[in-house]
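What follows is a set of notes on a single structure, which appears directly below.
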Amino acid sequence: MLDVNVIREDPEAIRTMLRNRTYSDDVLDKFLELDQAWRAAVEEGNRLRKQRNEASLRIAKLNGKDKAEAVAEMKSVAARISELEARVAELEAQRDDVILLIPNIPHPTVPVGDCYEKNRVVMEHGKVTKFDFQPKDHIALGEDLDIIDFQRGVKVAGSGFFVLKGDGARMERALINYMLDMHHRQGYTEVFPPVVVNRAAVIGTGQYPKMKDDMYWCERDDLWLNPTAEVPVTNLLQDDILAKEDLPIYYTAYLPSFRREAGRHAEMKGMIRVHEFNKVELVKFVLPDGSFQELETLLNDAQDVLRGLELPFRTLLLCTGDMGFASAKTYDLESHAPGTGSWLEVSSCSCFTDFQARRARVKYRPEPHLKSEFVHTLNGSGLALPRTMVSIMENNQDRQGRIRIPEVLRPYMQGQELIE
RNA sequence: GGAGAGAUGCCCGAGAGGCCGAAGGGGCACGAUUGGAAAUCGUGUGUACCGCUAAUACCGGUACCGAGGGUUCGAAUCCCUCUCUCUCCGCCA
């Protein structure tokens with residue numbers, strides 16, 4: 001959520017921003033209109049309340065006829081006040097609905113563009129794997145080695161769910177531990193939050209209301225299945241006012257993530273896009289100064305995972321049109337999958353400036369006696385598991401259809417070197 | 001699931017229709033004292049919003065005592081609904 005003052009100060013800058021992001025600027029005009037009406041109503045209400053407060057003090061000292069008259073007069077003022085209060089509440093609700101639809105302002109270094117092709121490749125690591133045989137995709141590899149069972153996932157949960165089996169399940173567990181251990185060494189505190197979150201939490205990080213149809217909802221208890229650990233982890237500090245010395249705070253969390261992927265049907269084959277997947281997440285709470293520098297180190301921390309796994313990958317700086325709603329700057333990490341023949345987004349690292357902090361009310365006090373300010377939040381995937389697994393399987397296959405286990409995972413798999 | 005207790009400012013805690021944005025204490029900040037510190041004394045110290053501003057500085061104003069409604073000229077205080085926390089009982093990996 002943007003600061004209303006930022007919008008009021010320079011609406012035209014916001015208009016440009018919306019166009020760069022390929023949003024309609026109707027929301028801006030709607031906001032300006034509602035905001036003006038809201039301010040006028042607030043002002044009148046304040047004036048009348050002042051009148052009432054003064055009259056109340058007088059009435060307390062009056063008696064008899066004078067009192068009766070004053071009370072009668074105030075009755076009409078009270079009626080007008082409650083009318084205005086209703087109007088203010090109405091306008092405020094409408095204005096807030098509109099402001100929640102205005103995305104974050106991109107950092108000046110973000111390229112302007114309207115499609116995937118405008119994203120800028122800022123770094124490439126390793127070479128795309130070449131084979132002297134026809135490589136299989138992960139679906140064939142998984143089924144032939146009996147380490148992924150798509151049919152049984154469908155049987156117990158439905159389309160878009162899968163089952164890892166044997167060495168597949170073991171490698172998944174190894175990956176989780178490898179990533180968490182690496183992030184621990186990088187200075188992140190591991191947390192293991194609830195897998196379900198309440199409404200305040202999904203509002204706090206911005207999934208609600210915009211993405212509400214993409215989340216699983218337990219109606220009876222009004223709980224939501226975690227769509228990304230960003231939600232529970234960021235909201236750990238909801239409504240907190242931190243001391244300056246508390247910052248920065250770095251958290252890492254492994255958590256299953258759930259996506260309904262409502263209305264999407266393409267790409268649902270295999271493990272590329274599924275309803276439930278494991279993910280190790282990185283979340284930072286930092287001082288506003290230097291938050292974009294923190295994004296660079298967060299990115300590097302995520303890249304370390306891929307380097308360690310010896311996977312070819314590239315880093316994209318997303319353009320204005322391709323960035324997430326709440327982000328001011330985003331890098332995507334794409335790992336190559338030679339069997340599928342595509343680049344897979346395995347991580348997305350973003351700096352949200354104060355956009356999320358304002359919604360979740362995460363603040364800090366620069367000095368004990370000073371006014372509190374919003375912190376800046378960042379997060380990134382310390383890699384989404386299924387796609388990482390796909391990339392490992394497809395890159396590390398040999399002619400016999402076996403999979404070489406990356407060296408860094410072997411300690412987590414009793415030294416095993418091959419899946420065969 | 002059953003029974004009870006509670007929710008007030010950064011923290012603890014009073015308050016029982018107008019004198020309450022809220023006593024008192026703690027913490028913190030500033031000042032005095034000191035060679036320096038502790039102790040002591042004094043002053044100050046919430047958030048959001050509106051207006052005025054170059055200003056997130058003053059100043060003027062409004063709202064906020066878990067949330068939402070109601071009664072009243074006037075509600076932290078009375079009434080209703082809800083949420084959350086704690087304790088005990090039951091159930092349970």
Side-chain angles (χ1 to χ4, degrees), chain A residues 1-10 31-96 98-100 105 192 194-204 208 218-224 232 235-247 287-289 353-355 357-376:
Chain A
M1 181 163 97
L2 289 181
D3 183 347
V4 287
N5 289 313
V6 168
I7 307 176
R8 285 174 190 159
E9 262 168 42
D10 194 354
F31 169 83
L32 293 172
E33 182 192 322
L34 287 166
D35 186 49
Q36 190 160 24
W38 175 80
R39 282 207 265 183
V42 164
E43 204 188 336
E44 189 184 349
N46 284 352
R47 218 165 45 230
L48 288 175
R49 263 185 232 102
K50 183 190 179 189
Q51 194 185 332
R52 181 180 70 182
N53 290 343
E54 287 167 356
S56 287
L57 288 174
R58 270 205 317 278
I59 287 170
K61 293 179 196 127
L62 295 177
N63 291 304
K65 193 171 70 195
D66 292 344
K67 181 166 179 173
E69 276 170 19
V71 166
E73 194 192 327
M74 278 305 110
K75 273 205 176 188
S76 70
V77 172
R80 178 68 185 143
I81 288 174
S82 55
E83 267 173 47
L84 275 169
E85 277 175 352
R87 179 162 165 73
V88 167
E90 172 70 24
L91 286 167
E92 196 163 71
Q94 286 178 20
R95 191 192 69 166
D96 288 350
V98 169
I99 202 172
L100 290 180
I105 300 168
F192 205 159
V195 179
V196 292
V197 293
N198 60 27
R199 189 177 290 248
V202 286
I203 290 174
Y208 189 96
C218 312
E219 182 172 7
R220 208 172 146 143
D221 300 298
D222 193 22
L223 291 171
W224 306 73
N235 282 290
L236 289 178
L237 301 186
Q238 190 190 93
D239 283 317
D240 275 7
I241 299 177
L242 305 158
K244 190 181 179 183
E245 310 80 73
D246 295 336
L247 296 168
L287 295 172
D289 283 346
T353 61
D354 60 357
F355 196 85
R358 177 169 286 109
R359 268 176 97 127
R361 296 168 304 279
V362 185
K363 299 179 139 190
Y364 79 102
R365 232 177 257 290
E367 297 296 335
H369 58 291
L370 291 184
K371 210 172 150 69
S372 59
E373 293 175 20
F374 292 108
V375 303
H376 281 194

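A note on names: the letters A, B, ... follow the listed sequences, proteins ahead of strands, and every chain is numbered from 1.
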request  = Evaluate side-chain contact (heavy atoms from CB on, under 4.5 Å) for A/L287 paired with A/Y364, printing each intermediate quantity in order.
outcome  = CA-CA 8 Å; A/L287 295 172; A/Y364 79 102; 3.5 Å; yes

Rounding to an integer number of angstrom, what distance separates B/C73 and B/A5 when you compare their P atoms?
33 Å

Mate of B/A37 across any strand shown (Watson-Crick or G-U wobble, both atom pairs under 3.5 Å) is none

Among the nucleotides B/C73, B/A63, B/C49, whichever has the atom closest to the side chain of A/W38 is B/C49

Testing B/C73, B/C10, B/C50 for proximity to the side chain of A/N46, the answer is B/C50

Please work out if A/A78 contacts a base, only the sugar-phosphate, or nothing of the nucleic acid, heavy-atom cut-off 4.0 Å.
-> sugar-phosphate

(message) So does A/M1 get a backbone contact from the side chain of A/R358, meaning a donor-acceptor N/O pair under 3.5 Å?
(response) yes

Re B/A54: Watson-Crick or G-U wobble partner, both distances kept under 3.5 Å, found to be none

Paired to B/C88 by Watson-Crick or G-U wobble criteria (both distances under 3.5 Å) is B/G2

TODO: With P as the reference atom in both, quote the distance from B/C12 to B/C86 in angstrom, rounded to an integer.
DONE: 15 Å

**Item:** Between B/U53 and B/G36 - P atom distance, rounded Å
**Value:** 47 Å

Rounded to whole Å, CD1 of A/I81 lies from C1' of B/A75 at a distance of 14 Å

Any strand, both distances under 3.5 Å, Watson-Crick or G-U wobble: B/G15 pairs with B/U8

Re B/U62: Watson-Crick or G-U wobble partner, both distances kept under 3.5 Å, found to be B/A48

By the Watson-Crick or G-U definition, both distances under 3.5 Å, B/U72 is matched with none

Regarding the side chain of A/R365, the nearest nucleotide among B/C10, B/A48, B/C73 is B/C10

Closest of B/U62, B/C50, B/C73 to the A/N53 side chain is B/U62

Same-atom distance (C1') from B/C80 to B/U71, integer angstrom: 11 Å

_In whole Å, measure the gap between the P atoms of B/C10 and B/U47 for me._
7 Å

Exercise. Between A/R47 and A/E44, is there a side-chain N and carboxylate O pair less than 4.0 Å apart?
Worked result: no

> For atom C1', what is the distance between B/C41 and B/U77, given to the nearest Å?
Replying inline: 36 Å

Regarding the side chain of A/S56, the nearest nucleotide among B/C49, B/U62, B/C73 is B/C73

Ranking B/C50, B/U62, B/C73 by distance to the side chain of A/E43, first place goes to B/C50

Suppose you measure atom P in B/A75 against the same atom in B/G90; what distance do you get, rounded to whole Å? 46 Å

In whole angstroms, the gap separating C1' of B/C20 from CG of A/L57 amounts to 12 Å

Taking B/A63, B/G51, B/C73 as options, the one with an atom nearest any side-chain atom of A/R39 is B/G51

Taking atom P in both B/A14 and B/G6, what distance in whole Å separates the two? 12 Å

Applying the 3.5 Å cut-off to both distances, the Watson-Crick or G-U partner of B/A29 turns out to be B/U43

Whole-Å distance, A/R52 CZ to B/U62 P, equals 10 Å

If pairing means Watson-Crick or G-U wobble with both distances under 3.5 Å, then the partner of B/U77 is none

Using a heavy-atom cut-off of under 4.0 Å over every strand shown, decide if A/R8 touches base, sugar-phosphate, or nothing. sugar-phosphate

